[in-house]
*Asks:* 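Take a look at the following structure, please.
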2 protein chains.
Amino acid sequence: MKSTKQRNVILDIINNSYDHLDAYGVYEEARKKIPNISLGTVYRNLKALEDANLIDAVFDGADKLRYDRKTWHQHFICTRCHKIIDIYDLGFEQIDAYKNNKVMNYKIILEGICEECQKEE
Amino acid sequence: MKSTKQRNVILDIINNSYDHLDAYGVYEEARKKIPNISLGTVYRNLKALEDANLIDAVFDGADKLRYDRKTWHQHFICTRCHKIIDIYDLGFEQIDAYKNNKVMNYKIILEGICEECQKEE
DNA sequence: CCTCTAACTAGTAATGATTACTATTTAATT
DNA sequence: AATTAAATAGTAATCATTACTAGTTAGAGG
C-alpha cells in the first residue's frame, strides 16, 4: 500500500474524529485539506484502510456505513435517530441497561474468516 | 398494522428460513406464493415488520441488509465471503475462538432509544 | 539522482439497493 | 353494506457506492 497525501489525510480524519463520519462526511473534511480530492478516492481509501485493519466500519442501522478509529470500544445505536454512541466501559452484566439509554436489544457480532474461506488460503 | 396476504407470506418466509435472506431473496421466495407481488411491497413490509419488532435485520458487513427470525442468537460474519453463521451457544468466555472459525474481531452493539429520543416521546 | 512501473488519483459515468409516487385495491370498522 | 385509512402493483426516482479512463505519483532498482 503506497502512502499518499490523500490516504494520510483520510486516516488522520478518522483517527481524530469521534463523530462516526460517513464517507461523504470524510470527503467534506478531507476537502478542507485537499480541495479537489475526489469522492471516489475517499471511498476507495476508506475501504483500503478498513481492509488493512487501520480503521473500523460501523453500519448505522439504517442505510449507511460510518467509519471509526480502532481504539477498542463498543457501540450503542439508537434505533430511532441512528445516532452512534461510544461505549468504553461495557461490562457484560450491564448489557441490559446502559446508562440512561433504553437498551431494547443487543447484538454480538463475531467477525473473522470462516472455515471454508480458511481452506481456500 | 393491517394483516395482508403479502405481509403474512413475508413474515412466514423469514420465520421459516435459516438463510439470512436479503430483500431480493425474500421477493423471490414470496413470488412462489404470490407471483405478482411487487419488490416495493417486500421492502416496505420488511421495514414494517422490523419496526414492529417481528423480525430482525442484520447487515452483512459488505453492502446489504439481510433479514432474520427473532429467535435469540448471535452471529459470526465472515469478513471474506460475508457468510452469516448463527451462534446459539455463545458464552462470553469463548468470544475469542468460536468453533473452527477464526475470530479476528467482535462487536457488541446495543440497540435502543437514546436519552434525547426518549425525551421527545 | 534518474528511470520505470504498478499503484494511485480526479472526474465522470454506471450500478444496484432502496425509496417514492400514483392509481387502484382491500382490510376492517361503523 | 358503506366508508376509509392502509396497503398494493408497477414504475420512476434517489442516493450510496463502484467502475472506468486518462493522466499522475510513490518508491524500488539501477
Side-chain angles (χ1 to χ4, degrees), chain A residues 1-14 19-68 77 79-84, chain B residues 1-14 19-52 54-68 77 79-82 84:
Chain A
M1 187 152 76
K2 273 197 323 199
S3 156
T4 67
K5 187 161 49 118
Q6 289 84 346
R7 180 162 296 157
N8 296 336
V9 164
I10 289 166
L11 180 56
D12 237 50
I13 288 166
I14 300 297
D19 289 341
H20 309 96
L21 296 167
D22 61 12
Y24 199 86
V26 174
Y27 171 61
E28 287 180 317
E29 282 303 307
R31 282 208 291 188
K32 293 178 184 169
K33 296 284 174 74
I34 308 172
N36 71 327
I37 193 172
S38 154
L39 183 55
T41 296
V42 173
Y43 271 101
R44 192 166 11 79
N45 278 304
L46 285 171
K47 181 167 279 187
L49 290 167
E50 195 206 343
D51 288 346
N53 246 289
L54 295 172
I55 64 174
D56 252 334
V58 197
F59 185 64
D60 69 359
D63 55 9
K64 241 182 309 209
L65 273 179
R66 295 177 173 280
Y67 292 88
D68 204 359
I77 301 181
T79 54
R80 188 159 310 171
C81 69
H82 308 294
K83 194 197 337 260
I84 300 175
Chain B
M1 187 152 76
K2 266 185 346 188
S3 156
T4 66
K5 186 161 51 119
Q6 289 84 345
R7 180 162 295 157
N8 295 336
V9 164
I10 289 166
L11 180 56
D12 236 52
I13 288 166
I14 301 297
D19 290 341
H20 307 98
L21 297 167
D22 61 12
Y24 200 86
V26 174
Y27 173 61
E28 287 180 317
E29 284 302 307
R31 282 208 290 188
K32 294 178 185 170
K33 296 282 175 72
I34 308 172
N36 71 327
I37 193 172
S38 154
L39 183 56
T41 296
V42 172
Y43 271 101
R44 192 166 9 80
N45 278 304
L46 286 172
K47 182 166 279 190
L49 290 168
E50 195 207 344
D51 287 347
L54 294 171
I55 64 174
D56 251 334
V58 197
F59 185 65
D60 70 358
D63 55 8
K64 239 182 313 210
L65 271 179
R66 297 179 170 280
Y67 291 88
D68 203 359
I77 301 181
T79 54
R80 190 160 306 173
C81 68
H82 306 112
I84 300 176

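Labels below follow one simple rule: chain letters A, B, ... track the order of the sequence lines, proteins then strands, and each chain is numbered from 1.
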*Asks:* Between B/Thr41 and B/Arg44, is the side-chain hydrogen bond (donor to acceptor under 3.5 Å, both in side chains) condition met? List the steps.
*Replies:* CA-CA 5 Å; B/Thr41 296; B/Arg44 192 166 9 80; 3.1 Å; yes

*Asks:* If you check the B/Gln6 side chain, which of D/dT18, C/dT18, D/dA9 turns out closest?
*Replies:* D/dA9

*Asks:* What is the minimum heavy-atom distance between A/Tyr67 and A/Ile14, and which atoms define it?
*Replies:*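 Smallest interatomic distance, heavy atoms only, reads CB-CD1, 3.6 Å.
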
*Asks:* Closest to the B/Ser3 side chain: C/dA28, D/dT8, D/dT17?
*Replies:*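 When the side chain of B/Ser3 is considered, C/dA28 is the closest of C/dA28, D/dT8, D/dT17.
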
*Asks:* Starting at CG of B/Asp19, measure out to CD1 of B/Ile84 and round the result to the nearest 0.5 Å.
*Replies:*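 If we round to the nearest 0.5 Å, B/Asp19:CG and B/Ile84:CD1 are 10.5 Å apart.
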
*Asks:* Taking ring pair (Phe, Tyr, Trp, His ring centres under 6.0 Å) as the definition, give me every residue that meets it alongside A/Tyr27, ordered by chain and number, with sequence neighbours left out.
*Replies:*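 Scan of A/Tyr27 (ring pair (Phe, Tyr, Trp, His ring centres under 6.0 Å), adjacent residues dropped) gives A/Tyr24.
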
*Asks:* Looking only at side-chain N and O atoms, does A/Lys47 come under 4.0 Å of OP1 or OP2 in D/dT17?
*Replies:* no

*Asks:* Between C/dT9 atom P and A/Met1 atom CE, what is the distance in whole Å?
*Replies:* 10 Å

*Asks:* What does B/Asn45 touch in the nucleic acid at a heavy-atom separation under 4.0 angstrom: a base, only the sugar-phosphate, or nothing?
*Replies:* sugar-phosphate

*Asks:* Send over the distance from B/Ile34 CD1 to D/dG10 C1', rounded to a whole Å.
*Replies:*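 My rounded result for the distance is 15 Å.
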
*Asks:* Counting heavy atoms from C-beta on, name the nucleotide in D/dG10, D/dA16, D/dT8 closest to the side chain of B/Asn36.
*Replies:*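 Among the listed nucleotides, the one closest to the side chain of B/Asn36 is D/dG10.
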
*Asks:* Given C/dT9, is OP1 or OP2 found less than 4.0 Å from the side-chain N or O atoms of A/Arg44?
*Replies:*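 Yes, A/Arg44 has a side-chain N/O under 4.0 Å of OP1/OP2 on C/dT9.
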
*Asks:* In whole angstroms, how far is the C1' atom of D/dA9 from the OH atom of B/Tyr27?
*Replies:*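 Taking OH of B/Tyr27 and C1' of D/dA9, I get 10 Å after rounding.
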
*Asks:* Heavy atoms, side chains only, cut-off 4.5 Å: are A/Leu21 and A/Arg66 in contact?
*Replies:* no

*Asks:* Roughly how far, to the nearest 0.5 Å, is the CG atom of B/Leu46 from the CG atom of B/Leu11?
*Replies:* 10.0 Å

*Asks:* Roughly what angle, to 10°, lies between the helix axis at the start of the helix from C/dC1-D/dG30 to C/dT30-D/dA1 and the one at its end, five pairs per end?
*Replies:* 50°

*Asks:* Applying side-chain contact (heavy atoms from CB on, under 4.5 Å), run through B/Asp56 and B/Glu50 and close with a yes or a no.
*Replies:* CA-CA 6 Å; B/Asp56 251 334; B/Glu50 195 207 344; 5.6 Å; no

*Asks:* Against B/Glu29, only a single residue in B/Lys32, B/Arg31, B/Lys33 fulfils salt bridge (charged side-chain N to carboxylate O under 4.0 Å, His left out); can you say which?
*Replies:*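 Testing each of B/Lys32, B/Arg31, B/Lys33 against B/Glu29, the sole residue satisfying salt bridge (charged side-chain N to carboxylate O under 4.0 Å, His left out) is B/Lys32.
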
*Asks:* Whether B/Thr41 contacts D/dA7 is assessed here as follows: a side-chain N or O lying under 4.0 Å from the phosphate OP1 or OP2. Is that the case?
*Replies:* no

*Asks:* Hey, which of these two, B/Gly40 or B/Lys5, hits DNA chain D nearer its 5' end, going by closest nucleotide?
*Replies:*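 Upstream on the strand: B/Lys5.
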
*Asks:* Write down the distance between CG (B/Leu39) and P (C/dA17), rounded to a whole number of angstrom.
*Replies:*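 About 10 Å, once rounded to whole Å.
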
*Asks:* For B/Arg7, report the nucleic acid contact type (base, sugar-phosphate, nothing); a contact means any heavy atom under 4.0 Å.
*Replies:*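 Sugar-phosphate: the residue B/Arg7, judged by heavy atoms under 4.0 Å, touches backbone atoms but no base.
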
*Asks:* Can you measure B/Ile37 atom CD1 to D/dG10 atom C1' for me and round it to whole angstrom units?
*Replies:*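 My rounded result for the distance is 13 Å.
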
*Asks:* Counting side-chain heavy atoms from CB outward, which of D/dG10, C/dT19, C/dA28 is closest to B/Tyr43?
*Replies:*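 Closest nucleotide to the B/Tyr43 side chain: C/dT19.
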
*Asks:* Take the protein atom CZ of A/Arg66 and the nucleotide atom C1' of D/dT17, then report the distance between them rounded to whole Å.
*Replies:* 15 Å

*Asks:* Could you work out which one of D/dT18, D/dG10, C/dT9 sits closest to the side chain of B/Ser38?
*Replies:* D/dG10

*Asks:* Check every atom of D/dT17, D/dT25, C/dT9 against the side chain of A/Lys2 and return the nucleotide holding the closest atom.
*Replies:*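 In terms of side-chain proximity for A/Lys2, the closest of D/dT17, D/dT25, C/dT9 is D/dT25.
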
*Asks:* On DNA chain D, check which nucleotide each of A/Thr4 and A/Tyr24 is closest to and give me the residue with the more 5' one.
*Replies:*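 By nearest-heavy-atom nucleotide position, the 5'-most residue is A/Tyr24.
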
*Asks:* What is the separation between atom CG on A/Leu46 and atom C1' on D/dT17, rounded to the nearest whole Å?
*Replies:* 11 Å

*Asks:* Roughly how many Å is it from CG in B/Leu49 to P in D/dA6, rounded to a whole number?
*Replies:* 17 Å

